[in-house]
Amino acid sequence: MPELAHDKAFTSRDAVSRAVAVAAIRREAGSILIANGYPEPLVRKVLRLEGWWQPGKVSSEENNTRRQRR
């Protein structure tokens, strides 16, 4: 993902859009690794797929609380 850090189109997007893109990359990588025989629990742990913040699954109230903490 270092390429994304230097990509101006990616870095100019808002935080939620970047989080959605990163989550999609993690999920895709995880499914490829599992399909190729890597143990699912290990893949989920390493890619931090469990408990990963999903922007679409956070209520607006929780999201506002997070913004205020910053």
Side-chain angles (χ1 to χ4, degrees):
M1 289 209 222
E3 294 85 11
L4 288 178
H6 299 295
D7 183 52
K8 290 184 182 196
F10 181 75
T11 56
S12 66
R13 297 172 74 180
D14 63 292
V16 173
S17 296
R18 289 192 310 263
V20 168
V22 169
I25 292 168
R26 285 177 188 226
R27 283 191 302 271
E28 182 67 23
S31 65
I32 291 169
L33 289 169
I34 292 167
N36 284 298
Y38 286 90
E40 184 175 349
L42 180 62
V43 170
R44 289 185 172 283
K45 180 180 177 184
V46 170
L47 293 179
R48 293 180 285 171
L49 293 174
E50 295 297 324
W52 177 250
W53 173 63
Q54 299 291 325
K57 295 183 180 179
V58 175
S59 70
S60 60
E61 210 173 284
E62 290 177 55
N63 205 12
N64 288 336
T65 305
R66 287 181 179 166
R67 283 188 193 137
Q68 291 171 355
R69 286 186 206 152
R70 293 182 195 163

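Keep in mind the model is a prediction, meaning the values are calculated, not measured.
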Spatial distance of atom CZ (Arg27) from atom CZ (Arg44) [nearest 0.5 Å]:
10.5 Å
Where is the tightest heavy-atom contact between Leu47 and Arg26, given as atom of each residue plus distance?
O-NH1, 2.9 Å
Between Arg18 (side chain only) and Arg13 (backbone N and O only), is there a donor and an acceptor less than 3.5 Å apart?
yes
Please step through side chain to side chain contact (heavy atoms under 4.5 Å, CB included) for the pair Val46 and Leu33, ending with a clear verdict.
CA-CA 11 Å; Val46 170; Leu33 289 169; over 6 Å; no
Shortest non-hydrogen separation from Phe10 to Leu4 and the atoms involved
CD2-O, 3.4 Å
